[in-house]
> 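The structure follows.
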Protein chains: 2
Amino acid sequence: MSVKYTIGLDYGTNSVRALIVNVANGAEVAAAVWTYAHGTQGVILARDPNLARQHPADYLQGAEITIQQTLASAKKNVRGFKSEQVIGIGVDTTGSTPLPVDATGQPLAFQKKFANHPAAMAWLWKDHTGVSEAAEITALAAKIRPQYLAKCGGTYSSEWFWSKILKCLRTAPEVFNAAHSWIELADFVPAALSGTEHPDKFIAGVCAAGHKAMWNAKWGGYPDAEFLAKLNPKLASLRSRLTTRVYSIDKSVGGLTAAWAKKTGLSAGIPIAVGAFDAHLGAVGSGVAPGTLVKIIGTSTCDIAIASNTKKLADVPGLCGIVDGSVLPGNFGLEAGQSAVGDLFNWLVNYIEPGAPISRSASRKTKTSRSEDRLSATHEDLSVAALKLKPGESGLLALDWNNGNRTILVDQRLTGLLIGQTLYTTPAEIYRALIEATAFGALTIINRFEEYGVKISSVVNCGGIAEKSDLTMQIYADVTGRPMKVSRSAQTCALGSAIAASVVAGAHKNYAAAQKAMTGLKPKVYKPNPAAHKTYKEIYVLYKELHDAFGTQTWNGNLFGVMKKLIEIRGQVRK
Amino acid sequence: MSVKYTIGLDYGTNSVRALIVNVANGAEVAAAVWTYAHGTQGVILARDPNLARQHPADYLQGAEITIQQTLASAKKNVRGFKSEQVIGIGVDTTGSTPLPVDATGQPLAFQKKFANHPAAMAWLWKDHTGVSEAAEITALAAKIRPQYLAKCGGTYSSEWFWSKILKCLRTAPEVFNAAHSWIELADFVPAALSGTEHPDKFIAGVCAAGHKAMWNAKWGGYPDAEFLAKLNPKLASLRSRLTTRVYSIDKSVGGLTAAWAKKTGLSAGIPIAVGAFDAHLGAVGSGVAPGTLVKIIGTSTCDIAIASNTKKLADVPGLCGIVDGSVLPGNFGLEAGQSAVGDLFNWLVNYIEPGAPISRSASRKTKTSRSEDRLSATHEDLSVAALKLKPGESGLLALDWNNGNRTILVDQRLTGLLIGQTLYTTPAEIYRALIEATAFGALTIINRFEEYGVKISSVVNCGGIAEKSDLTMQIYADVTGRPMKVSRSAQTCALGSAIAASVVAGAHKNYAAAQKAMTGLKPKVYKPNPAAHKTYKEIYVLYKELHDAFGTQTWNGNLFGVMKKLIEIRGQVRK
């Protein structure tokens, strides 16, 4: 019997990736990446820093291009490879990234009239324009439907489905009124590939619906009409046009259409798995299981854990989602996250753009020698310099909130903070402080899981930063005091999608069997350095103080000691 | 009768300047500047960011070079100019900048043995190595000599005379023990020029002694021996070797020596005025009078006001000095200041060193176009971009404490803070936020003066930043809600020294007459923009909240609203 493969399609913030995986052993035999054509690196921006959109045409063009390329590449890489050996497709995407569609299920943006209308685009996960709408939804739910909030950390986010749709209704009624319905990107792509876009056939994934749209089987699906009507009667009406077919990723939405088969060279009819969010399928591709926290570290970080649905689970405050079946069938999927991680480091490199003097000694140079220096510092330059610094040596401490805080505060109306600067503070010191800030944020999330009975016995990291940045991984180990493991695959999200495809195609009898065959860890484990951990424990106390002082209404106190303690630690470390 | 001139010598942080001024009308006919030869731009640094020293050889070499050059220049600029027309010399310097001297009054650093010993150098004003010594002196005085603290804002600073000497005693006893005495740079230069270095002849200025060494005629001069002995018996012994001749700037320390006359081409015997700090003579050169606040804005800012000594004056908490006769005879001199102003802006440009994308729109460019961009942003680039921003538009707020806080907190163990960063924050926005931070610091000082009965009816600015930065002056006007005037002279410190020389040389009967003849304002006055002032009033509430939360032990509260209010203001302004 010939080797079987599946394709994972992974829709990220800037680009889409296709990955062809051997279902027997997880070998990744070919991959292709395509950056979305619209906007700045695939993201349509505006003067309002809260706005981030994508053009849905990019999603279909991206599927076509990357599937073609990856098949061509597999033919080069694997002797005798044939497209017919691909037995299924899985899809993961960013989210909540909803887009308005017409009565046939086609994106409004495909109509000439709306082709350039920002509100008719896909509202990318990091679009925060619906901040006040999120607050309104939260306030209403707190008053009349507290159960809705209990499953999403107590706060409904501006990043999510209903906030964005309500914002559109209020600020671009011409788009809202023209839309028959709104669907998630994670559901749009499987529907398009299988020709099930029409509302009569359309299927949604429980991952997006449960985590972002307050869908829950226990209360009959999406939020009830009475609740939605109090926000706006048009939302209640929209509810009736949303699908009632909401499934886990062990289901298929249908088979690949003949048109897509022709375009791509794949076999018509191969099953397309129900779509899910990148982080959730990334967790699957990293071997997520009860007790294992998977951190998918990219522009932002998603933290995924699961817990068997046979036992009762407390509602964990600040966790952005607890949804039965959202990651793997039979388990509660628990999602937490940090709104800016790689984006935070990119901000320093791309916006603040340090020139030459990235380390303390280099920065003592006078201006006159500048012409010999390089144009701008890269992540690599800054990492090399930051790696030479000891914990606490810079005296800096940052909050990782440049893009708000998703967990545990669930508050977009937060911003970055940097404290401890002297007249000699260098970009490398700031770079390290930003990495440390995300590590402190990660620790805060782990602590929250454990405080509510979700024991974390193993942390598996994946994503570009986990792959590439020894500095980040070591800081995470030192800050959390836990070994940091790294997933074997560099493309766990796409791998997770390929695993989903392998399950719906029947190559494995269930996810446990598929994960056993197709996932693994890298041999290198980052172990915490006890001395560094000791210093970071001291600094974490200060981080938590700032976190609570700026992030909660219940904190009360004085911050007189914070700068002084940082100076004291700096002095001890430099000795 | 021929035109008479005086020379003002102005010893700054990085360089010394000589200025030749016409005593009849204040015309500045020639100037010369020389950057100190030792260290980085004249400052000897170390890994400890608190350390900043200077080599005293630079002071004498600087006097020789700049006097020669300025005389040569005057001969070119003024037809028939003769060195004999120079009738006196005045000297201003940074401070507290004490240096150890031997039994003949010569700097220890002039001995081969100590030529490279950091502790034998001059301890530059911004050297903060004596932080714990300052705390110790403060604690002791609070306990047994509260009157000492009442005149220096309640806290003795690490920047000052006794903190530095006690630090030397503790950490470099070989230097302390070899020193016969310690003198201020402001007294060293006049003594050297007049050959009065020897302890038998040596004269000190009341400005340095009163503001930095707790000298006060009311309690018999320097702190009493019992007090000093409790810090260390060797300090009590040192007290007996400090001069009892402590005078205001209406006195001369002696005449120019024949050796110096020969070296420079000046006439031997012309009077040298008692030395004072740069800011104090800068205030004189800016026309300081009761009701006028003079802000000398350079790497740091000094604020100088005076109040007639015929009326009782409250002790103003947090003011770094109230000394009878320290600015002008017959008046209390009141000194406040900000530890980093130009240094704060320089930090961003020289250390963080932004490359190309200095404005929001430019920063949207992708990485690929970077090679066309300039190497690094300058103050001018950043100012142009920052000038386009409206108050509150960036959402940023900074504390101006990268070098500690001199007034009103008098606390070196404070650091910088920046809040409000998004993923799109640009260097120009940070640059503007840093300028605004210094403006908020300036407002805090003005408020403190007025709270204690020192009415400020006029603000006159001088120094490089007041001269060059329209952006800074307009922000200061908008933040404080007061017109910002600028001194006519670009060199008010050197001009003030030249005025002192004119008084001791008898060209004017007193300072009022000399100031009337020799000082003036520029025609351009920066008037507050009411809309900008309104926004800044809102932001100042947040600044003051952060200031008090991190800077005082008495504040108690919660900062949950700070980021949100900044976002709200940003949203309003961007509308």
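The chains referred to below are lettered A, B, ... by the order of the sequence lines, with proteins before strands, and numbering in each begins at 1.
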> Within this structure, what is the CG-OG1 distance for the pair Leu414(A) and Thr422(B), rounded to the nearest 0.5 Å?
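Between Leu414(A) CG and Thr422(B) OG1, I get 13.0 Å after rounding to 0.5 Å.
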> Please evaluate residues Ile430(B) and Tyr351(A) with respect to the criterion side-chain contact (heavy atoms from CB on, under 4.5 Å), reporting the C-alpha separation (whole Å), side-chain torsions for both, the decisive distance (0.1 Å), and the verdict.
CA-CA 11 Å; Ile430(B) 297 176; Tyr351(A) 280 73; over 6 Å; no
> I need the residue from Asn403(B), Thr552(B), Asp343(B) with the largest number of non-hydrogen atom pairs under 4.5 Å to chain A.
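The option with the most such pairs is Thr552(B).
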> If you round to the nearest 0.5 Å, how far is CE of Met563(A) from CH2 of Trp401(B)?
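So the gap between those two atoms works out to 5.0 Å.
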> Could you tell me which portion of Leu399(A) (side chain, backbone, both or neither) has an atom closer than 4.5 angstrom to a non-hydrogen atom of chain B?
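When you check distances to chain B, only side chain atoms of Leu399(A) fall under 4.5 Å.
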> If you tally heavy-atom pairs under 4.5 Å against chain A, which of Leu418(B), Ile419(B), Leu417(B), Leu423(B) wins?
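Counting heavy-atom pairs under 4.5 Å, the top option is Leu423(B).
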> Quick one: pull up CD1 in Ile352(A) and CD in Glu429(B) and give me the separation to the nearest 0.5 Å.
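The distance works out to 8.5 Å.
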> Between Asn556(B) (side chain) and Asn558(A) (backbone), is there a donor-acceptor pair under 3.5 Å?
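No: the side chain of Asn556(B) does not pair with the backbone of Asn558(A).
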> My understanding is that only residues two or more places apart in sequence, or in another chain, count here; which of them pass ring-ring contact (aromatic ring centres under 6.0 Å, His included) with Tyr36(A)?
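With sequence neighbours excluded, Tyr36(A) shows a ring-ring contact (aromatic ring centres under 6.0 Å, His included) to Tyr59(A), given in chain and number order.
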> Go through Arg570(A), Lys564(A), Glu568(A) and name the one with the most non-hydrogen pairs under 4.5 angstrom from chain B.
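Looking at each of Arg570(A), Lys564(A), Glu568(A) in turn, Lys564(A) comes out on top.
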> About how many Å separate CG of Asn50(A) and CD1 of Ile567(B), when rounded to the nearest 0.5 Å?
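It comes to 8.0 Å.
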> List the residues meeting salt bridge (Lys or Arg N to Asp or Glu O under 4.0 Å) with Glu545(A), not counting sequence neighbours, and say none if there are none.
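Once residues adjacent in sequence are excluded, Glu545(A) has no partner under the salt bridge (Lys or Arg N to Asp or Glu O under 4.0 Å) criterion.
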> Hey, could you give me the CZ/OG1 distance between Phe560(A) and Thr554(B), rounded to the nearest 0.5 Å?
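Rounded to the nearest 0.5 Å, the CZ-OG1 separation comes to 9.0 Å.
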> Chain A: which of Asp411(B), Leu546(B), Val562(B) shares the most heavy-atom pairs with it under 4.5 Å?
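The option with the most such pairs is Asp411(B).
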> Within this structure, what is the NZ-CZ distance for the pair Lys565(A) and Arg413(B), rounded to the nearest 0.5 Å?
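It is 10.5 Å, given to the nearest 0.5 Å.
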